[in-house]
Amino acid sequence: AQKCAPQVEVDGREAGVAPEATVMIGDTSFDMSMARSAAVGAIGVGWGYHDEARLRDAGAHAVVADGSDLLDAIDAQFASQLLAVEERGA
């Protein structure tokens, strides 16, 4: 099955989750592109299929090299997304 951003958007809406409350984690440039197309956070993992440079080039907001850094990256991305929403609403 092909991955596609519209499915991420539909799944999020069906679950009642706003894009600013969503972070996608993946190991390919396709995952990062899909997340960005769906207007959700994009965090790459450096131990997967594509290297850090390729993940960043595809739009990753952050790339973690180790699983122990993943929760901190998620927290930082959510904080950034919440700040952006607050600034738009101000």
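We number each residue from 1, following the sequence as shown.
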Working to the nearest 0.5 Å, report the span between [atom1] of [X] and [atom2] of [Y].
{"X": "D51", "Y": "D57", "atom1": "CG", "atom2": "CG", "value": "8.5 Å"}
{"X": "R54", "Y": "Y49", "atom1": "CZ", "atom2": "OH", "value": "7.5 Å"}
{"X": "I43", "Y": "D27", "atom1": "CD1", "atom2": "CG", "value": "13.5 Å"}
{"X": "S33", "Y": "M24", "atom1": "OG", "atom2": "CE", "value": "10.0 Å"}
{"X": "M32", "Y": "R56", "atom1": "CE", "atom2": "CZ", "value": "11.0 Å"}
{"X": "L55", "Y": "F30", "atom1": "CG", "atom2": "CZ", "value": "11.0 Å"}

What heavy-atom pair brings [X] and [Y] nearest, and what distance separates the two atoms?
{"X": "G59", "Y": "A42", "value": "O-CB, 4.0 Å"}
{"X": "A60", "Y": "G44", "value": "CB-N, 4.3 Å"}
{"X": "A38", "Y": "P19", "value": "O-CB, 4.3 Å"}
{"X": "T28", "Y": "H50", "value": "CA-ND1, 3.3 Å"}

Do the side chains of I74 and V64 join up, straight or via other hydrophobic residues, at under 4.5 Å, putting them in one cluster?
->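 The answer is yes; both residues are in one hydrophobic cluster.
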Criterion side chain to side chain contact (heavy atoms under 4.5 Å, CB included) against Q77, the qualifying member of T22, V23, L82 |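 With Q77 as partner, T22, V23, L82 yield a single side chain to side chain contact (heavy atoms under 4.5 Å, CB included), made by V23.
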